[in-house]
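These notes are about the structure you will find just below.
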2 protein chains.
Amino acid sequence: MGRWEPGARGRLERAALELYSERGFEQATVAEIAARAGVTERTFFRHFADKREVLFGGSGALQELFVSTVAEAPESATPMEAIAAAVEVAGGLLQERREFARRRHAVIIANPGLRERELIKLVSLAAALADALRERGVADPAASLAAEAGIAVFRVAFERWVGEPGQSGSPDLSDVPDLPKIIRESFDELKAVTAGK
Amino acid sequence: MGRWEPGARGRLERAALELYSERGFEQATVAEIAARAGVTERTFFRHFADKREVLFGGSGALQELFVSTVAEAPESATPMEAIAAAVEVAGGLLQERREFARRRHAVIIANPGLRERELIKLVSLAAALADALRERGVADPAASLAAEAGIAVFRVAFERWVGEPGQSGSPDLSDVPDLPKIIRESFDELKAVTAGK
DNA sequence: GCTCGTGATGTCAGTTGCTGTCATCAACTA
DNA sequence: TAGTTGATGACAGCAACTGACATCACGAGC
């Protein structure tokens with residue numbers, strides 16, 4: 001065993017989510033989070049740029065999943081189909097972590113500063129998606145618009161998903177709202193609503 | 001004349017934009033802004049919730065313009081047409097303040113924290129647009145999707161507009177990029193790209 | 001086995017954003 | 001004339017965040 005317990009980063013993430021849930025984001029101090037994780041405040045800021053970032057450690061992996069799915073879409077797929085496929089795959093990943101996602105989302109929507117951070121992550125995701133489309137030969141502004149629209153669909157669908165009842169621990173699996181399905185429906189709805197212009 | 005010069009809020013807004021332009025957002029302290037405006041730091045925080053908000057004083061008026069345009073769209077207009085009309089009208093307003101908009105935008109894109117703030121303003125705008133659509137009897141999720149897609153178009157079009165050369169002070173008015181026109185084209189492009197799904 | 005880097009952490013001082021509280025003073029009201 | 005109101009100043013204080021330096025286990029190479 002080393003001088004310090006390994007996994008400080010993970011402990012900080014867990015401690016932060018707990019404290020933000022228990023007493024709210026603003027009421028929880030970084031010193032408290034660090035203490036609960038068994039490190040000092042300075043170590044917190046070595047792992048995370050600021051007090052908000054500790055809730056967004058997984059966004060990099062999610063972005064890679066999005067981008068690789070777009071890149072691997074069949075050549076015959078239209079830009080919007082490639083984007084929709086990526087959003088659906090990501091939705092499937094969230095589906096498996098429903099309770100965690102809801103818990104985290106509840107903390108985020110309760111604080112404007114955290115909402116801001118989430119939004120910039122999504123915009124960064126949209127930019128990465130647009131890049132991936134350009135790699136496929138899609139020109140601008142179609143690439144940007146398809147990516148932005150796809151993220152808008154993701155936001156709306158995710159919001160509906162977390163808002164619906166149903167527990168992932170429920171004995172009846174048919175109770176669990178199906179995020180990929182909601183995403184598909186939302187893409188269809190977007191198609192319908194834009195066609196009406 | 002009173003005890004103090006009136007218009008402290010406006011002076012703070014001008015001083016802040018100047019200082020953020022001159023030396024960058026993070027390098028400028030609130031104390032400096034306040035000093036340049038001839039007030040104390042405490043007075044700054046009485047007018048603006050935080051150091052970022054001083055750049056977003058006009059967002060309320062913009063939102064009202066968006067919402068009232070949607071509300072006043074003809075009954076025959078589809079949801080997307082109502083949204084497009086609102087975005088175009090707002091684009092016309094920005095068109096008249098091109099230099100200010102570019103200057104302000106340059107400051108914002110240079111700092112992640114300011115980008116975050118701008119994004120949450122746009123999301124709040126999308127929420128207000130969705131509300132206005134529901135007032136017109138549009139059901140969810142169509143209302144949310146149309147609003148979000150409209151804001152996505154606005155973002156993409158605005159980005160293109162500020163990125164193009166051309167000075168509003170140019171002698172040849174045909175040099176000035178036309179934001180409402182770019183917005184119309186972007187809506188058409190969105191229609192095309194979503195139809196391809 | 002010894003030395004020496006390396007990397008993650010601790011320690012501490014300092015700046016700055018932001019808040020609570022109370023005092024001040026001109027303009028307005030009665 | 002007296003009281004009220006509203007915007008501001010003055011000041012203390014907390015917490016987020018940063019820079020600089022010390023510490024100490026571990027592994028590489030000798």
Side-chain angles (χ1 to χ4, degrees), chain A residues 1-57 107-108 110-118 120-121, chain B residues 1-57 107-108 110-118 120-121:
Chain A
M1 188 160 68
R3 178 187 178 193
W4 10 258
E5 294 298 317
R9 187 183 174 90
R11 291 202 308 278
L12 283 167
E13 288 175 337
R14 278 190 296 276
L17 182 56
E18 285 171 17
L19 277 166
Y20 294 168
S21 293
E22 289 170 14
R23 69 177 70 163
F25 174 76
E26 297 191 336
Q27 279 61 47
T29 71
V30 174
E32 287 169 329
I33 298 168
R36 184 171 291 200
V39 296
T40 64
E41 194 179 342
R42 192 66 182 86
T43 292
F44 178 98
F45 288 109
R46 286 204 177 90
H47 284 279
F48 304 101
D50 58 46
K51 192 185 170 185
R52 304 173 197 171
E53 196 67 18
V54 68
L55 287 182
F56 299 88
V107 171
I108 290 174
N111 182 270
L114 290 172
R115 291 192 58 197
E116 288 183 346
R117 180 59 49 87
E118 176 157 83
I120 207 171
K121 296 291 182 188
Chain B
M1 190 160 70
R3 179 186 177 194
W4 10 260
E5 294 297 317
R9 187 184 175 91
R11 292 202 309 278
L12 284 166
E13 287 174 339
R14 279 191 296 276
L17 182 56
E18 286 172 17
L19 278 166
Y20 294 168
S21 292
E22 289 170 14
R23 70 179 67 165
F25 174 76
E26 296 191 336
Q27 279 61 48
T29 70
V30 174
E32 287 170 328
I33 298 168
R36 184 171 292 201
V39 296
T40 65
E41 194 180 343
R42 193 66 184 85
T43 293
F44 178 98
F45 287 110
R46 286 204 178 90
H47 284 280
F48 304 101
D50 58 49
K51 192 185 170 187
R52 303 174 198 171
E53 197 66 19
V54 68
L55 288 181
F56 298 88
V107 171
I108 289 173
N111 181 269
L114 290 172
R115 292 192 58 199
E116 288 183 346
R117 180 59 48 87
E118 175 157 85
I120 207 170
K121 297 289 182 188

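All chains are named by letter (A, B, ...) in the order of the sequence lines, taking the proteins before the strands, and each is independently numbered beginning at 1.
- Taking atom CZ of B/F25 as the reference point, atom C1' of C/dT16 lies 12 Å away to the nearest angstrom.
- Looking at heavy-atom distances under 4.0 Å, A/A34 makes no contact with the nucleic acid at all.
- For the pair B/K51 NZ and C/dT16 C1', the computed distance is 8 Å after rounding to whole Å.
- Remark: side-chain polar atoms of B/R9 are not paired, donor with acceptor, to backbone N or O of B/V54 under 3.5 angstrom.
- Put simply, CD on B/E26 is 11 Å from P on D/dG19, counting in whole angstrom units.
- Atom-to-atom, CZ of A/F44 to C1' of C/dA8 comes out at 17 Å; the value is rounded to the nearest Å.
- Nucleic acid contact for B/A31: none, since no nucleic acid atom lies under 4.0 Å from a heavy atom of the residue.
- For the pair B/Q27 CD and C/dG17 P, the computed distance is 11 Å after rounding to whole Å.
- Salt bridge B/R23/B/E32: present, at least one basic N to carboxylate O contact under 4.0 Å.
- A/T29 has no side-chain polar atom (N or O) that falls below the 4.0 Å cut-off from OP1 or OP2 of D/dC14.
- Look at CD1 on A/I33: it is 11 Å from C1' on D/dA16, rounded to the nearest Å.
- Computed from coordinates, the B/E5 CD to D/dG6 C1' distance equals 17 Å when rounded to whole Å.
- With C/dC18, D/dG9, D/dA16 as the choices, the nucleotide that has an atom nearest any side-chain atom of B/T40 turns out to be D/dG9.
- Contact of the A/I120 side chain with the A/E116 side chain is not registered, since no non-hydrogen atoms from C-beta on lie closer than 4.5 Å.
- Residue side chain B/R46 reaches the base of D/dG9 through a donor-acceptor N/O pair under 3.5 Å, judged by distance alone.
- Side-chain N/O atoms of A/H47 include one lying less than 4.0 angstrom from OP1 or OP2 on C/dT9.
- Side chain of B/V39, nearest nucleotide from D/dG9, C/dT11, D/dC17: D/dG9.
- Comparing D/dG19, D/dT8, C/dT9 by their closest approach to the side chain of A/R42 singles out D/dG19.
- Side-chain contact between A/E118 and A/R52: absent, with no pair of heavy atoms (C-beta onward) separated by less than 4.5 Å.
- Comparing A/F45 and B/G7 along DNA chain D, the residue whose closest nucleotide (by nearest heavy atom) sits nearer the 5' end is B/G7.
- For B/E41 and C/dT19, the CD to P distance is 11 Å, given to the nearest whole Å.
- In this model, the phosphate group of C/dG10 is approached by a side-chain N or O of A/T43 to a distance below 4.0 Å at OP1 or OP2.
- The side-chain heavy atoms of B/Y20 and B/I33, taken from C-beta on, include a pair separated by under 4.5 Å.
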